Amino acid sequence: MTNEEKTGNARFKRYTVTSALPYANGPIHIGHLAGVYVPSDIYARYLRLKGEDVLFIGGSDEHGVPITIKARNEKITPQQVVDKYHNMIQGSFEKFGISFDVYSRTSRPVHHETASSFFKKLYEKGKFIEKETEQYYDEENKQFLADRYITGTCPHCGYEKAFGDQCENCGTSLSPTDLINPRSVLSGNKPQMKKTRHWYLPLNDYEPMLREWILEGHKHDWKPNVYGQVKSWVDQGLQPRAVTRDLDWGVKVPLEGTDGKVLYVWFDAPIGYISATREWGMTHGKPWEQYWKSPDSKLVHFIGKDNIVFHCIIFPIMLKAEGSYILPENVPANEFLNLEGDKISTSRNWAVWLHEYLEDFPGKQDVLRYVLCAAAPETKDNDFTWKDFQARNNSELLAIFGNFVNRTLVLTHKYFEGKVPSCGPLEPGDKKALEELAGFPARIGKSLDLYRFREALAEMMNLARLGNRYLTEAEPWKIFKNEPERVKTILNVSLQICASLSVLSAPFLPFTANKLQDMLDIQDMKWEQAGGKKLLTSGHSIKKPSLLFEKIEDSQVQAQMDKLLKSKEENKSKAENQTPFKAPVSFDDFSKLDIRVSTVVSAEKVTKTKKLLKLEVDTGLDKRTVVSGIAQYYEPEKIIGKKVLLLANLEPKTIKGIKSHGMLLMAENNDGELSFVIPEKSFNNGSSIS
RNA sequence: GGCGGGGUAGCUCAGGUGGUUAGAGCGUCGGAUUCAUAACCCGAAGGUCACGGGUUCAACUCCCGUCCCCGCUACCA
């Protein structure tokens with residue numbers, strides 16, 4: 001298959017490039033940049049340089065429950081939360097040269113209009129199913145409670161401030177009805193169950209469409225990680241998914257009698273791409289619909305792997321259901337970027353924040369862009385280290401790229417007063433260099449067409465290597481005295497390479513490319529011109545060179561490492577903070593518990609589970625079956641004969657088809673590790689605890 | 001446990017439908033050089049291609065099994 005066939009680019013007249021909408025409840029870090037914004041920006045800039053019609057879309061995702069929670073905690077409005085982070089995020093993007101044609105936000109009226117008419121159209125076409133369910137309701141505040149708005153005692157670890165979707169203490173995911181003693185976060189009251197009505201999108205109806213379109217149609221041109229993930233989801237079977245929910249922050253459901261209901265954020269967010277395009281159309285007085293509805297438009301979504309299901313399954317189904325939209329041609333999702341061997345984590349402050357980087361390394365946006373592209377998690381998770389950052393700056397950007405440009409420009413000023421010398425008769429070495437030069441634009445372009453950004457970047461650097469090799473072999477500084485004419489040709493060729501470099505590096509290193517073009521005093525070069533031998537005409541004056549990159553010292557790297565180390569220390573002391581004591585209980589309550597010394601008689605792993613052991617314990621009074629989630633810490637063979645404490649009068653509960661009569665008492669440390677609790681002396685089975 | 005992705009030189013990664021001595025960049029070592037931010041250029045060392053089987057004249061590449069890492073998912077009374 002040829003490149004053209006593989007990308008199918010020949011049949012496209014315009015490109016619609018989207019980048020995942022960052023969620024406006026926090027700033028942006030290097031993981032976001034490496035996974036989504038650097039690659040999409042490179043792609044968009046490359047297409048523009050080729051003279052393609054491209055619309056590069058971004059925007060902030062500003063709805064959803066986490067934002068309302070954050071607002072509550074900080075005692076400000078949700079709008080104030082998203083205003084703060086939207087501005088911060090947009091500012092970071094601008095400073096890093098992410099060249100959006102439009103950067104919008106989902107709290108704008110244009111988005112509310114777009115999303116609600118999108119919903120309405122699907123509603124009118126009968127694409128939804130309606131369902132009534134029971135959910136927790138806060139009488140005092142007269143509203144339904146999102147999972148996060150319900151708090152109570154975690155049935156797993158007993159933590160009293162667990163949320164309806166997850167326990168922050170033990171990490172277990174929960175549903176609101178699991179909570180013991182549930183309370184509304186809003187009023188503190190016990191919430192009531194109340195009926196509510198919602199609309200669902202029957203994703204399962206679109207399975208055949210997905211199979212044909214992706215599993216058969218994109219078997220070879222989509223990345224294996226993306227394709228595999230989609231296949232996994234489709235094979236597991238899709239379920240109808242609620243598109244509305246009871247909340248007051250979001251796009252209002254545009255139907256009668258639906259006060260207090262908004263579109264689910266997963267439904268409204270991707271429509272944000274379309275709203276942004278409409279906004280662009282309105283502000284620029286241009287038709288926007290062709291970017292989304294014309295079959296000769298190529299739609300590409302840049303996302304991280306956490307977003308695959310939304311962009312490959314759900315959003316396409318929405319578009320298909322609506323009927324007039326095109327589907328994405330490719331979704332080149334990246335994996336995750338780690339930092340110094342650990343997962344990037346906002347809550348643990350284990351991240352390199354863009355706004356902090358800009359303070360610590362002013363003017364070095366291209367360095368980070370370069371490093372993040374070179375180490376982009378294209379095929380698997382990758383690790384960012386400051387040592388690697390330093391090495392790539394010092395021995396690649398500076399030593400190869402910067403050095404070649406510098407030596408060429410310095411020599412031009414030294415020998416020819418900064419004027420481009422003429423090109424005389426070509427010797428074999430010159431010809432060879434020029435021939436190689438000519439091949440670069442197509443080679444880099446091919447890699448970019450296939451979303452191989454690391455490869456493209458490496459090729460770009462190879463051009464600088466070519467320049468260095470050429471100069472070193474030609475040795476103009478040795479022969480200038482005797483053969484000044486020859487030196488003219490050599491520097492002419494070197495300068496042409498510099499000029500090409502200024503074009504071909506532009507998608508990756510826009511600031512550097514600008515600076516270089518400024519020094520060479522050229523502008524508006526197109527991709528196709530690169531690789532040519534007459535980008536600079538003889539006699540053309542170039543400016544005094546300044547350095548493109550500067551060395552990054554050990555001390556700077558050490559400072560960043562120290563910063564991270566500090567985060568780690570702080571986390572550690574945080575982790576040592578024990579969970580607070582629970583509310584007092586009466587002695588009566590305590591004495592209701594019947595805890596007995598028992599012995600494990602037999603133990604086996606419950607099949608098809610990771611954590612469960614099925615135990616037979618001797619309580620002294622009887623032998624009974626207990627299921628316990630300790631498989632990660634105790635091997636079944638090794639605990640037979642062990643004394644344990646058993647909560648014997650706990651209501652029986654069926655787990656994975658096995659009836660469990662009681663619960664083993666375990667101590668748990670901060671890492672979640674479990675340990676048996678046993679009496680110090682060897683007491684008989686049946687001994688009680690009081 | 002199920003599903004998906006990945007495990008190739010010290011590090012980061014390439015290696016269509018199996019075929020001569022497994023590649024690149026960085027790092028290391030040696031050489032050469034001085035136009036250049038001691039940078040460039042040349043050369044070398046370095047790999048049982050996670051492990052064990054199998055198919056084949058031939059496997060990093062195909063099949064089966066095992067282990068490890070990441071993600072989704074079930075389970076934790």
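Owing to the predicted nature of the structure, the values given are computational and were not obtained by experimental measurement. A note on names: the letters A, B, ... follow the listed sequences, proteins ahead of strands, and every chain is numbered from 1.
At a threshold of 4.0 angstrom between heavy atoms, the contacts of A:Leu647 with the nucleic acid are absent. Heavy atoms of A:Lys305 sit under 4.0 angstrom from primed sugar atoms or phosphate atoms, though from no base atom. Note on A:Lys343: only backbone sugar-phosphate atoms sit closer than 4.0 angstrom, heavy atoms only; bases stay farther off. No engagement by A:Thr408 is indicated, since no non-hydrogen atom pair under 4.0 Å with the nucleic acid exists. As judged by a 4.0 angstrom heavy-atom cut-off over every strand, A:Leu411 is placed among the base-contacting residues. Among the heavy atoms of the strands, none lies under 4.0 Å from A:Tyr415. Residue contacts for A:Val230: at a heavy-atom cut-off of 4.0 Å it reaches no nucleic acid atom on any strand shown. Among the atoms of the strands shown, base atoms are found under 4.0 Å from some heavy atom of A:Leu547. Across all strands, A:Glu396 comes closer than 4.0 Å only to sugar-phosphate atoms, never to a base (heavy-atom distances).
Put simply, CD on A:Glu550 is 14 Å from P on B:U37, counting in whole angstrom units. When the C1' atom of B:A14 is taken as reference, atom CD of A:Glu459 falls 11 Å away, rounded to whole Å. The nearest whole Å value for the distance from the CE atom in A:Met460 to the C1' atom in B:G25 is 13 Å. Whole-Å rounding puts the A:Leu450 CG to B:G16 C1' distance at 12 Å. Residue A:Asp235 contributes atom CG, which lies 17 Å from atom C1' of B:A74 at whole-angstrom precision. One atom, CD of A:Glu335, and another, P of B:C69, lie 17 Å apart when rounded to the nearest Å. One atom, CD of A:Gln239, and another, C1' of B:U73, lie 13 Å apart when rounded to the nearest Å. Residue A:Lys614 contributes atom NZ, which lies 18 Å from atom P of B:G1 at whole-angstrom precision.
Paired runs in RNA chain B that reach 3 or more consecutive Watson-Crick or G-U pairs, where each pair keeps both distances under 3.5 Å, cover B:1-7 with B:67-73, B:10-13 with B:23-26, B:28-31 with B:41-44, B:50-54 with B:62-66.
Taking atom C1' in both B:G25 and B:G19, the straight-line distance is 28 Å, to the nearest Å. Comparing B:A58 with B:C72, their P atoms are spaced 43 Å from each other, to the whole Å. For the C1' atoms, the distance linking B:U17 with B:U61 amounts to 11 Å, nearest Å. Straight-line distance between the P atoms of B:G23 and B:G15: roughly 15 Å, to the nearest whole Å. B:U55 and B:C63 have their P atoms separated by 15 Å, given to the nearest Å. Nucleotides B:A59 and B:U8, compared at atom C1', are 14 Å apart to the nearest Å. Spacing between B:G4 and B:C11 at atom P, rounded to whole Å, works out to 29 Å. Across B:U34 and B:A45, the matching P atoms stand 28 Å from one another, rounded to whole Å.
Remark: aromatic rings of A:Phe315 and A:His301 are close, center separation under 6.0 Å.
Side chain of A:Asn334 to main chain of A:Gly304: no donor-acceptor pair is present (N/O by atom type, distance under 3.5 Å, no hydrogens or angles).
Considering only residues two or more places apart in sequence or on other chains, A:Glu483 meets the salt bridge (Lys or Arg N to Asp or Glu O under 4.0 Å) condition with none of them. For A:Ser422, the side chain to side chain contact (heavy atoms under 4.5 Å, CB included) test picks out A:Lys488, A:Ser538, with sequence neighbours left out. Listed by chain and residue number, A:Pro652, A:Thr654, A:His661 satisfy the side chain to side chain contact (heavy atoms under 4.5 Å, CB included) test with A:Lys659 (two or more places apart in sequence, or in another chain). Partners of A:Trp386 according to the ring pair (Phe, Tyr, Trp, His ring centres under 6.0 Å) rule, which considers only residues two or more places apart in sequence or in another chain, are A:Phe361, A:Phe384, A:Phe389. With sequence neighbours left out, A:Lys543 forms a salt bridge (Lys or Arg N to Asp or Glu O under 4.0 Å) with A:Asp518. A:Glu435 meets the salt bridge (Lys or Arg N to Asp or Glu O under 4.0 Å) test with no other residue; sequence neighbours excluded. Listed by chain and residue number, nothing satisfies the side chain to side chain contact (heavy atoms under 4.5 Å, CB included) test with A:Lys414 (two or more places apart in sequence, or in another chain). With sequence neighbours left out, the side chain to side chain contact (heavy atoms under 4.5 Å, CB included) criterion links A:Ser660 to A:Val626, A:Val627, A:Ile655.
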What pairs of donor and acceptor atoms, side-chain ones from residues 546-556 of chain A against any protein atom, are under 3.5 angstrom apart with sequence neighbours left out?
from     : atom 1 : to       : atom 2 : distance (Å)
A:Glu550 : OE2    : A:Lys364 : NZ     : 2.9
A:Asp554 : OD1    : A:Gln390 : NE2    : 2.7
A:Gln556 : OE1    : A:Glu553 : N      : 2.9

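Each of A:Leu664 and A:Phe336 lies near RNA chain B, and the nucleotide nearest A:Phe336 is the one positioned closer to the 5' end. Summary of the strand contacts: A:Ala399 and A:Glu455 both lie near RNA chain B, and taking for each the nucleotide with the nearest heavy atom, the more 5' one is attributed to A:Glu455.
For the segment residues 371-395 of chain A, residues with any heavy atom less than 4.0 angstrom from an atom of RNA chain B are, sorted by number, A:Thr379, A:Lys380, A:Asp381, A:Asn382, A:Arg392, A:Ser395.
Between A:Lys305 and A:Asp381, at least one side-chain N (NZ, or NE/NH1/NH2) sits under 4.0 Å from a carboxylate O, which counts as a salt bridge. With salt bridges taken as basic N to acidic carboxylate O contacts below 4.0 Å, none links A:Lys380 and A:Glu335.
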Protein proximity profile, nucleotides 41-46 of chain B - base contact B, sugar-phosphate-only contact S, no contact -, cut-off 4.0 Å on heavy atoms | SS----
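The side chain of A:Val410 has B:A36 as its nearest neighbour among B:G71, B:C40, B:A36. The listed nucleotides are B:A36, B:A77, B:C35; the one nearest the side chain of A:Asn403 is B:A36.
A donor atom on one side chain and an acceptor atom on the other are not found under 3.5 Å apart for A:Asn468 and A:Arg465.
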